[in-house]
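Working notes, beginning with the structure itself.
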Amino acid sequence: MLEWYDAHRRDLPWRSPPGETPDPYRVWVSEVMLQQTTVATVRPRFEAWVTRWPSVAALAAAGEAEVMAAWAGLGYYARARNLRAAAARIASDGFPRTEAGLRALPGFGAYTAAAVAAIAFGERAVVVDANVERVVSRLHAIETPLPQSRPAIRDAADALTPAARAGDFAQGMMDLGATICSPKRPRCLLCPVRPWCDAYASGEPDRYPLKAPKADRPQRHGTVFWLEHQGRVLLHRRPARGLLGGMRALPTGPWEAEPPGLAGAPAETPWRLLPDSVEHGFTHFRLTLALAAGEGTGHEAGEWWPIDDLAGAGLPTVFARAAEALRRGR
DNA sequence: CACTCGTGGAG
DNA sequence: TCTCCAAGAGT
């Protein structure tokens, strides 16, 4: 694996040249951004982030609102809040250099603690992400479906992890999973571990890993309100916890199984309902948003944001799309 | 353990 | 068009 990694490793902005120790801050930021997020999406966002906040100290000194806005569009917004909270602790107490020490920081789960310990600090930590799960499941042709197979996969990954260069080993496994041992149509003929792969030998490598069936996503309906006054639109701040927590948003009523109409409107005004609606898919439900536009007094509670600068508000994608439809169709 | 928590791209 | 999926964490 290390030989293959040395020859085929992807060149990524958070990686240091071979043999050089990477900046722990950059490794950490990249690992958090890459949680459930593709390399193609992360690459430009990572560059922008480390340009704006080049160090732990810089991030620790940033305001919560600007950090949340900078994360807009990336999803899973608790990551941004935890990143900033952990930066404050690291700035005052120092960067933990062990897996156990990292694991105690907000936003460092089992994967991220192991990855940062191995990649940035050279610890022999067992790094298991979705790539490793897939590669190991195929190597051993594990018939138990995920997530029940996780303990066995972790044990197998432990047995494979070398004492030295555990970080390069982990990155090699992830590069292999991303470029060759892909979920669909794996390129087994290019694979360096094909001779040891039980799934390849079975003739159906893409049957692994087996997965438990997922619950179907229910449909919900809501209404988004565009309240305008003198070139500005009313924005709210979502509660710190929960869906889109801590993010700026357009005012919106409840999201329920049936369309809620004008329930939860931020003002009593003759609302105009637009003929269009906005569809959005979340992890565990689908959402259809009706669009309502009206005139405010300028005294309604919230932030009155310049319509010409809505891009600067850092709206989550669902509200950015609703805002665009409303701005166009109001 | 089961559920919540976003988004964009590949197929 | 629609499903699947991605360097998971928190509760």
Side-chain angles (χ1 to χ4, degrees), chain A residues 9-10 12-15 22 26-46 68 71-83 85-86 102-120 125-135 146-148 150-151 154 157 167-179 181-186 206 209 211-220 238-247 249 255 279-287 315-321:
Chain A
R9 51 177 265 164
R10 288 178 291 174
L12 300 171
W14 45 88
R15 286 182 175 170
R26 294 169 63 91
V27 172
W28 168 38
V29 170
S30 73
E31 291 300 345
V32 173
M33 281 193 178
L34 286 162
Q35 290 167 9
Q36 302 290 286
T37 309
T38 59
V39 166
T41 297
V42 167
R43 192 189 292 262
R45 303 297 299 262
F46 174 83
M68 299 310 291
W71 201 269
L74 276 174
Y76 289 145
Y77 297 97
R79 294 185 291 176
R81 188 165 40 259
N82 287 334
L83 202 56
L102 292 163
R103 185 68 177 82
L105 292 170
F108 282 82
Y111 164 77
T112 303
V116 173
I119 296 170
V126 181
V127 180
V128 182
D129 75 323
N131 289 298
V132 175
E133 286 181 349
R134 186 169 57 256
V135 171
L146 285 168
Q148 304 159 259
R150 289 226 165 98
R154 207 273 179 190
D168 285 348
F169 174 80
Q171 294 180 91
M173 292 285 278
M174 294 190 280
D175 279 12
L176 185 71
T179 63
C181 196
S182 43
K184 297 169 186 171
R185 296 181 57 106
D206 58 347
K211 295 194 175 184
K214 3 186 119 157
D216 48 343
R217 298 187 296 173
Q219 174 71 46
R220 296 188 192 173
R238 303 211 18 120
R241 320 245 172 154
L243 190 74
L244 308 173
M247 300 299 288
W255 296 352
E279 306 279 346
H280 192 76
F282 289 96
T283 305
H284 54 291
F285 65 95
R286 306 167 197 277
L287 180 65
L315 294 176
T317 298
V318 60
F319 288 112
R321 297 213 313 228

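Lettering follows sequence order; numbering is per chain, from 1.
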d(Arg43(A) CZ, Leu12(A) CG) to nearest 0.5 Å is 5.5 Å

Check your understanding: With a 4.0 Å cut-off on heavy atoms, is Trp14(A) in touch with a base, just the backbone sugar-phosphate, or nothing at all?
Key -> base

Exercise. Do the side-chain N or O atoms of His284(A) get closer than 4.0 angstrom to the phosphate oxygens (OP1, OP2) of dC3(B)?
Worked result: no

Between CZ of Arg238(A) and C1' of dC5(B) the distance, given in whole Å, is 12 Å

5'-most contact on DNA chain B (nearest-nucleotide basis), Gly73(A) vs Lys184(A), goes to Gly73(A)

Q.
Distance criterion of 3.5 Å, no angle test: do you see the side chain of Thr317(A) paired donor-to-acceptor with the base of dG8(B)?
A. no

Discussion item. Once you apply a heavy-atom cut-off of 4.0 Å, does Leu12(A) come out as touching a base, just sugar-phosphate, or nothing?
Written reply: base

To the nearest 0.5 Å, atom CG of Leu176(A) lies from atom CZ of Arg134(A) at 9.0 Å

Trp255(A) atom CH2 is separated from dC5(B) atom C1', nearest whole Å, by 12 Å

Next on the checklist: Salt bridge or not between Glu279(A) and Arg286(A)? Use side-chain N to carboxylate O under 4.0 Å.
Outcome noted: no

Answer with base, sugar-phosphate or nothing: what part of the nucleic acid does Ala78(A) contact at a heavy-atom distance below 4.0 Å? nothing

To the nearest angstrom, the CZ-C1' distance between Phe282(A) and dC5(B) comes to 10 Å

Quiz item: Mind checking whether Pro22(A) and Ile119(A) have side chains closer than 4.5 Å, heavy atoms only?
Solution: yes

Tell me what Gly242(A) touches on the nucleic acid: a base, only sugar-phosphate, or nothing, going by heavy atoms under 4.0 Å. sugar-phosphate

Run the salt-bridge test on Asp175(A) and Arg15(A) with the 4.0 Å N-O cut-off and return the result as yes or no. yes

At a 4.0 Å cut-off to heavy atoms of chain A, the contacted part of DNA chain C spans dT3(C) to dG10(C)

Quick one: label Arg10(A) by what it contacts on the DNA or RNA (base, sugar-phosphate, nothing), any heavy atom closer than 4.0 Å.
base

Assert: residue with more 5' nearest nucleotide on DNA chain C, out of Arg241(A) and Ser30(A), is Ser30(A)

Of Arg217(A) and Ile119(A), the one whose nearest nucleotide on DNA chain C sits closer to the 5' end is Arg217(A)

Q | Ring-ring centroid check His284(A) Phe282(A), cutoff 6.0 Å | A | no

Pairs under 3.5 Å (Watson-Crick or G-U), crossing ones as [ ], inter-strand ones as |: DNA chain B comes out as .||||.|||||

| task | Look at all strands and tell whether Leu74(A) reaches a base, only sugar-phosphate, or nothing, counting heavy atoms closer than 4.0 Å. | result | base

- Query: Counting only side-chain N and O atoms of Tyr76(A), is one of them less than 4.0 Å from OP1 or OP2 of dT4(B)?
  - Reply: no

>> Counting the atoms with a prime plus P, OP1 and OP2 as sugar-phosphate, which does Ala110(A) contact under 4.0 Å by heavy atoms, base, sugar-phosphate, or nothing?
In response: sugar-phosphate

Looking only at heavy atoms, the pair that brings Ala114(A) and Ala125(A) closest together is O-CB, 3.6 Å

Six-ring centre of Trp255(A), Arg238(A) cation under 6.0 angstrom, axis tolerance 45°: yes

Practice problem: State whether the distance check finds a donor on one side and an acceptor on the other, under 3.5 Å, for side chain Thr38(A) versus base dG8(B). | Solution: no

| Which is true for Pro316(A) with a 4.0 Å heavy-atom rule: it touches a base, it touches only sugar-phosphate, or it touches nothing? | sugar-phosphate

With rounding to whole Å, what would you report as the distance between dC1(B) and dG8(C) at their C1' atoms?
16 Å

Whole-Å distance, Gln148(A) CD to dC1(B) P, equals 8 Å

If you measure from the C1' atom in dT11(C) to the same atom in dT7(B), how many Å do you get, rounded?
22 Å

Under 4.0 Å between any heavy atoms, over every strand shown, what does Val127(A) touch: base, sugar-phosphate, or nothing? Just pick one. nothing

If only atom types and distance count, is the side chain of Arg103(A) paired as donor or acceptor with the main-chain N or O of Ala113(A) below 3.5 Å? no

Point to revise | Span that lies between the C1' atom of dC4(C) and that of dG6(B), in whole angstrom | key: 15 Å

Q: Please work out if Arg15(A) contacts a base, only the sugar-phosphate, or nothing of the nucleic acid, heavy-atom cut-off 4.0 Å.
A: base

*asked:* Would you measure the distance from the P atom in dG11(B) across to the matching atom in dA7(C) and give it in whole Å?
replied: 14 Å

Assess the residue pair Lys184(A) and Asp206(A) against the criterion (side chain to side chain contact (heavy atoms under 4.5 Å, CB included)); give the C-alpha distance rounded to whole Å, side-chain angles, the decisive distance to 0.1 Å, and a yes or no. CA-CA 6 Å; Lys184(A) 297 169 186 171; Asp206(A) 58 347; over 6 Å; no

From NE2 of His280(A) across to C1' of dT7(B) the rounded distance in Å is 6 Å

In whole angstroms, the gap separating C1' of dT7(B) from CZ of Phe319(A) amounts to 15 Å

Requested in this report: Report yes if the distance between the aromatic ring centroids of Trp71(A) and Tyr76(A) is under 6.0 Å, otherwise no.
Outcome: no

To the nearest angstrom, the CZ-C1' distance between Arg81(A) and dC5(B) comes to 11 Å

Can you classify the ring geometry of Phe46(A) versus Trp14(A) as parallel (below 30°), tilted (30 to 60°) or perpendicular (above 60°)? perpendicular

Between CZ of Arg286(A) and P of dG6(B) the distance, given in whole Å, is 17 Å

TODO: Taking atom C1' in both dA6(C) and dC5(B), compute the distance separating them and give it to the nearest angstrom.
DONE: 15 Å

